[in-house]
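Here is the naming used below: chain letters follow the sequence lines, and residue numbers restart at 1 for every chain. Because the structure is a prediction, the values reported are computed rather than measured.
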Amino acid sequence: MTNIFRDVRGLILAAIGDLVAHGVLPPGLDLSRVAVEPPRDPAHGDVATNAALVLAGIVKQNPMALAERIAPAIAARQLRSGDFHGGGLGVVAARPGFLNIRLPAAVWHAQLRALLRAGTGYGDTDIGAGARVNVEYVSANPTGPMHVGHGRGAVVGDALAALLAKAGFQVHREYYINDAGAQVDILARSLFLRYREALGEDVGTIPEGLYPGEYLIETGQALAARDGDKWLGASEVEWLGSVRDFAVAQMMALIRADLDRLGVRHDWFASERRLVEAGAIEECLAALDERGLIYTGILAPPKGKTPDDWEPRPQTLFRATRFGDDVDRPLKKSDGSWTYFAADIAYHRDKFRRGFANLIDVWGADHGGYVKRMQAAVRAVTDGAATLDVKICQLVNLFDRGKPVRMSKRAGTFVTLREVVDEVGKDVFRFMMLTRRNDQALDFDFAKVTEQSKENPVFYVQYAHARAASVMRHAAEVFAPEELSDQALAGAALDLLTDPAELALIRQLAQWPRIVEGAAEAHEPHRLAFYLQEVAAQFHMLWNKGRDEATLRFILASDPILTRARLALVRGVALVIASGLAVIGVTPVEEM
RNA sequence: GGCCCCGUAGCUCAGCUGGAUAGAGCACUCGCCUUCUAAGCGAGUGGUCGCAGGUUCGAAUCCUGCCGGGGUCGCCA
């Protein structure tokens with residue numbers, strides 16, 4: 001665990017502690033808002049802190065004056081502890097009350113050394129402290145192939161899970177199978193038609209309201225192969241259960257195969273039907289009922305817009321308004337069966353009872369209106385002991401050479417996730433899904449994402465990694481393999497890395513642990529993709545400097561000592577990129 | 001109409017949970033290949049952060065109200 005920013009923050013807090021001990025500052029200060037970060041302007045040093053600005057607000061003192069008292073305290077503290085390689089930090093108070101700190105180059109060299117020793121484990125942190133997190137994602141209905149939107153949720157969820165694991169959480173990845181509602185009955189009826197068709201019957205066009213997709217033809221044949229004609233004369237009540245189970249199993253196999261192709265995995269597939277059959281819903285609602293959170297009432301029509309067929313009707317309702325929702329929510333349909341919401345409450349309660357107090361759900365844009373009620377339900381059902389964060393993934397708009405690819409099930413231009421992944425590859429798809437914040441709509445152009453140019457971020461980052469590998473291949477012609485291992489390079493004369501561009505790159509690499517922590521805390525895996533593009537840019541820049549000035553090239557035949565130091569930097573770049581791509585789920589390439 | 005998300009350079013988007021003169025890519029102009037991958041790099045041009053208030057040392061960021069775009073809206077999931 002090497003995070004220079006965290007180390008400096010520790011130093012600053014210690015220095016403030018010293019001031020408290022000397023009575024300069026009062027005890028019991030809230031220091032949570034003290035931030036240590038790289039300043040935007042390099043002229044402001046290597047790291048900057050707002051400590052004096054934060055404290056000024058608390059103790060009602062002039063921030064600049066405070067900064068000037070804290071600055072020497074930091075320097076004194078550091079000299080006493082001997083940390084940060086002795087050298088002495090330049091601590092300067094600046095304008096409104098910032099403290100700008102310049103770290104000795106040796107600190108950065110030590111960061112690079114630590115990076116090489118940690119390998120792709122660099123950036124691992126323990127901010128999660130082993131806490132258990134449940135991440136639920138995809139959860140596509142088992143009624144057909146997944147579309148690109150599902151793919152986005154799959155990647156966001158999978159990368160978020162990997163990110164949290166890297167940040168020290170104990171992560172559990174779940175998929176909720178909606179195999180109990182009316183949808184799967186429709187699926188069963190649709191399949192039954194294909195089944196009859198497989199047995200030689202002409203079923204004509206698929207009626208409105210059933211799934212017309214051709215993917216069911218094969219499944220119908222499979223059902224016919226398994227059961228023969230045993231259902232032909234039977235009534236629906238007889239065949240429905242068996243056909244439905246078969247259909248769901250087949251659809252889940254299809255979905256799992258697609259996820260597999262994407263490299264997306266889950267630890268647990270939770271079945272709604274199993275929850276229903278185990279009586280989990282009744283049990284859950286009974287618990288809510290005991291607390292007076294369920295009642296029979298009549299909902300008012302949606303404000304400002306009454307549906308044509310609206311009629312007041314008594315319903316079984318959950319008091320969601322007590323927990324921050326806008327209206328109370330129905331739990332029972334008019335036919336007496338549970339709503340999806342009722343089952344979902346039971347499911348989230350089940351997660352909590354299995355030991356998860358940190359819940360994250362990744363949903364599609366069309367479920368945005370569902371967030372409040374689910375969070376309300378989680379609060380109710382766990383007495384506020386669990387938190388639910390919902391990541392809404394906005395739409396993916398498909399283009400080909402700038403022209404929109406219209407998605408229409410009727411027109412037969414429906415593009416499945418499978419088709420897209422087969423076309424562009426899993427790595428490209430995964431990276432692209434993280435080039436936007438999850439709540440921002442994303443344009444995906446088939447032509448652009450496979451293009452080999454810097455306009456294509458996937459390529460750009462991969463190219464940096466491949467270039468680093470290329471340098472190492474050339475180095476292998478000069479050095480013995482044992483001289484080029486990461487452990488060996490960690491022992492190179494890193495203090496020879498003194499060029500501003502080299503130090504800038506090391507600083508960039510040293511940010512990786514901080515990026516991981518920030519992204520994990522915010523539940524925002526896309527930050528990794530953006531950071532990797534910055535690392536790649538820095539590296540390409542340094543590469544080209546070597547083109548202009550031969551003395552800056554990585555491999556210098558005349559100077560093996562300096563060469564090994566630079567190779568250490570090159571490996572550092574490759575390791576950070578590989579480390580980041582691993583979280584995103586993309587394979588770094590050695591050559592392209 | 002209610003609720004949720006979004007509005008930042010001509011275009012596509014970042015902006016690290018309130019910090020310093022608001023960043024990157026594309027496009028446009030100029031420059032860099034006998035040499036580790038030019039599949040790349042450098043320099044320049046380009047901004048009322050939708051609008052108006054408020055909170056405070058300090059706001060693109062937080063609050064309120066408008067404007068514009070998208071999603072959603074009792075027994076679908």
**Report entry** d(CZ, A:Arg553; P, B:C36) in whole Å
**Finding:** 6 Å
**Report entry** Polar pair under 3.5 Å, donor/acceptor by atom type, side chain A:Asn544, base B:G42
**Finding:** no
Report task. Rounded to whole angstrom, note down the P distance from B:C26 over to B:A60. Result -> 27 Å
Requested in this report: Could you please name the option among B:C5, B:G19, B:G40 that lies closest to any side-chain atom of A:Asp439?
Outcome: B:C5
Requested in this report: Measure the distance from CZ on A:Arg152 to C1' on B:G71 and round it to the nearest whole Å.
Outcome: 13 Å
Query raised in the report: With a non-hydrogen cut-off below 4.0 angstrom, is A:Glu311 in contact with a base, only sugar-phosphate, or nothing?
Result: base
Query raised in the report: Should A:Gln533 be listed as having a side-chain N or O under 4.0 Å from OP1 or OP2 of B:A14?
Result: no
Requested in this report: Please measure how far the C1' atom in B:G25 lies from the corresponding atom in B:G15, and state the result in whole Å.
Outcome: 15 Å
Query - Short side-chain N/O contact to B:U37 OP1/OP2 from A:Tyr460, under 4.0 Å - result: no
Requested in this report: Would you indicate, yes or no, if B:C41 has its OP1 or OP2 atom less than 4.0 angstrom from a side-chain nitrogen or oxygen of A:Lys454?
Outcome: yes
Requested in this report: Using the P atom as the reference point in each nucleotide, state the distance between B:U12 and B:G69 in Å, no decimals.
Outcome: 16 Å
**Report entry** Stacked pair A:His367-B:A77, distance under 5.5 Å, angle under 30°
**Finding:** no
Report task. Would you check if A:Phe530 stacks with the base of B:A14, given a 5.5 Å centroid limit and a 30° plane limit, both strict? Result -> no
Query raised in the report: If you look at every strand shown and take non-hydrogen atoms under 4.0 Å, does A:Ser453 touch a base, only sugar-phosphate, or nothing?
Result: sugar-phosphate
Query raised in the report: Of the nucleotides B:U37, B:C41, B:A20, which has the atom closest to the A:His44 side chain?
Result: B:A20
Report task. Let me know the distance between CE of A:Met251 and P of B:A77, rounded to the nearest Å. Result -> 19 Å
Report summary line: Of B:G40, B:U12, B:G42, the nucleotide closest to the side chain of A:Asp443 is B:U12
Report summary line: When rounded to the nearest 0.5 Å, the distance separating CG of A:Asp361 from CE of A:Met374 is 7.5 Å
Report task. Please list every stem that involves RNA chain B, where a stem is a run of 3 or more consecutive Watson-Crick or G-U wobble pairs with both pairing distances under 3.5 Å. Result -> B:1-7 with B:67-73, B:10-13 with B:23-26, B:28-32 with B:40-44, B:50-54 with B:62-66
Query raised in the report: Distance check: side-chain N/O of A:His526 vs OP1/OP2 of B:G15, anything under 4.0 Å?
Result: yes
Query raised in the report: Run the side chain to side chain contact (heavy atoms under 4.5 Å, CB included) check on A:Arg379 and A:Arg322 step by step: do they pass?
Result: CA-CA 10 Å; A:Arg379 230 166 281 150; A:Arg322 281 221 194 144; over 6 Å; no
Report task. Verify the contact: side-chain N or O of A:Arg437 to OP1 or OP2 of B:C6, cut-off strictly under 4.0 Å; return yes or no. Result -> yes
Query raised in the report: Could A:Arg329 and A:Phe341 be counted as a cation-pi pair, given that NZ or CZ must be under 6.0 Å from the ring centre and within 45° of the axis?
Result: no
Requested in this report: Would you please confirm or rule out a distance under 4.0 Å between OP1 or OP2 of B:C41 and any side-chain N or O of A:Lys545?
Outcome: no
Query raised in the report: Rounding to the closest angstrom, what is the interatomic distance between B:C49 and B:A22 at atom C1'?
Result: 8 Å
Query raised in the report: Regarding A:Lys333 and the six-membered ring of A:Trp338, is the cationic atom NZ or CZ under 6.0 Å from the ring centre and inside 45° of its axis?
Result: no
Query raised in the report: Between A:Lys333 and B:A77, does any side-chain N or O lie under 4.0 Å from OP1 or OP2?
Result: yes
Report task. Tell whether A:Arg467 reaches the base of B:C36 with its side chain through a donor-acceptor pair below 3.5 angstrom. Result -> no
Query raised in the report: When we call it a touch if two heavy atoms are under 4.0 Å apart, what does A:Ala365 touch: a base, just sugar-phosphate, or nothing?
Result: sugar-phosphate
Report task. Can you tell me, in whole Å, how much space there is between the C1' of B:A24 and that of B:C41? Result -> 15 Å
Query raised in the report: A:Asp309 near the nucleic acid: base, sugar-phosphate alone, or nothing, with a heavy-atom cut-off under 4.0 Å?
Result: base
Query raised in the report: Counting just side-chain N and O atoms, does A:His474 come under 4.0 Å of either OP1 or OP2 of B:U37?
Result: yes
Query raised in the report: If you measure from the P atom in B:C51 to the same atom in B:U8, how many Å do you get, rounded?
Result: 10 Å
Query raised in the report: With sugar-phosphate meaning primed atoms plus P, OP1 and OP2, does A:Ala300 contact a base, only sugar-phosphate, or nothing at under 4.0 Å between heavy atoms?
Result: nothing
Report task. Compare the minimum distances between each of B:C32, B:C41, B:C3 and the side chain of A:Asp548, then state the nucleotide with the smallest one. Result -> B:C32
Query raised in the report: Thinking salt bridges, do A:Glu517 and A:Arg514 make one under a 4.0 Å N-O criterion?
Result: no
Query - Salt bridge present between A:Asp445 and A:Lys403 (N-O < 4.0 angstrom) - result: no
Query - Proximity of A:Phe554 and A:His474 rings by center, below 6.0 Å - result: no
Query raised in the report: Can you tell me how far C1' of B:U35 sits from CZ of A:Phe554, to the nearest Å?
Result: 14 Å
Query raised in the report: Does A:Arg40 put a side-chain nitrogen or oxygen below 4.0 Å from OP1 or OP2 of B:A20?
Result: yes
Query raised in the report: Is the base of B:A77 touched by the side chain of A:Asp179 through a donor-acceptor pair closer than 3.5 angstrom?
Result: no
Query raised in the report: Nearest to the side chain of A:Gln394 - B:C5, B:U72, B:G19?
Result: B:C5
Query raised in the report: In terms of side-chain heavy atoms of A:Tyr370, which of B:C16, B:A20, B:A77 is nearest?
Result: B:A77
Report task. Tell me which nucleotide among B:G58, B:A20, B:G74 gets nearest to the side chain of A:Arg95. Result -> B:A20
Query raised in the report: NA contact type, A:Asp328, heavy-atom cut-off 4.0 Å: base, sugar-phosphate, or nothing?
Result: nothing
Query - Salt-bridge present (A:Arg566, A:Glu502; N to O < 4.0 Å) - result: yes
Report summary line: Glycosidic torsion of B:U72 (syn if within 90° of 0, anti otherwise) classifies it as anti
Query raised in the report: For atom P, what is the distance between B:U64 and B:C6, given to the nearest Å?
Result: 14 Å
Query raised in the report: Under the rule syn = chi within 90° of 0, otherwise anti, which is B:C33?
Result: syn
**Report entry** Proximity to the side chain of A:Arg436 - top-ranked nucleotide from B:A14, B:G19, B:G74
**Finding:** B:A14
Requested in this report: Taking atom P in both B:U61 and B:G1, compute the distance separating them and give it to the nearest angstrom.
Outcome: 25 Å
**Report entry** Centroid under 5.5 Å and tilt under 30°, A:Trp310 to B:G74
**Finding:** yes
Query raised in the report: When all nucleic acid strands are considered with a 4.0 Å heavy-atom cut-off, which category describes A:Ile392: base, sugar-phosphate, or nothing?
Result: nothing
Query raised in the report: Just checking A:Gly546: base, sugar-phosphate only, or nothing, at a heavy-atom cut-off of under 4.0 Å?
Result: base
Report task. Validate the cation-pi geometry between A:Arg373 and A:Phe318: distance from NZ or CZ to the six-membered ring centre under 6.0 Å, angle to the ring axis within 45°. Result -> no
Requested in this report: Using atom types as modelled and distance alone, determine if a side-chain donor or acceptor of A:Asn141 lies under 3.5 Å from a backbone N or O of A:Thr143.
Outcome: no
Query raised in the report: Are the side chains of A:Glu37 and A:Val47 in touch, meaning some heavy atoms are under 4.5 Å apart?
Result: no
Query raised in the report: To the side chain of A:Gln440, which of B:G40, B:C3, B:C13 is closest?
Result: B:C13
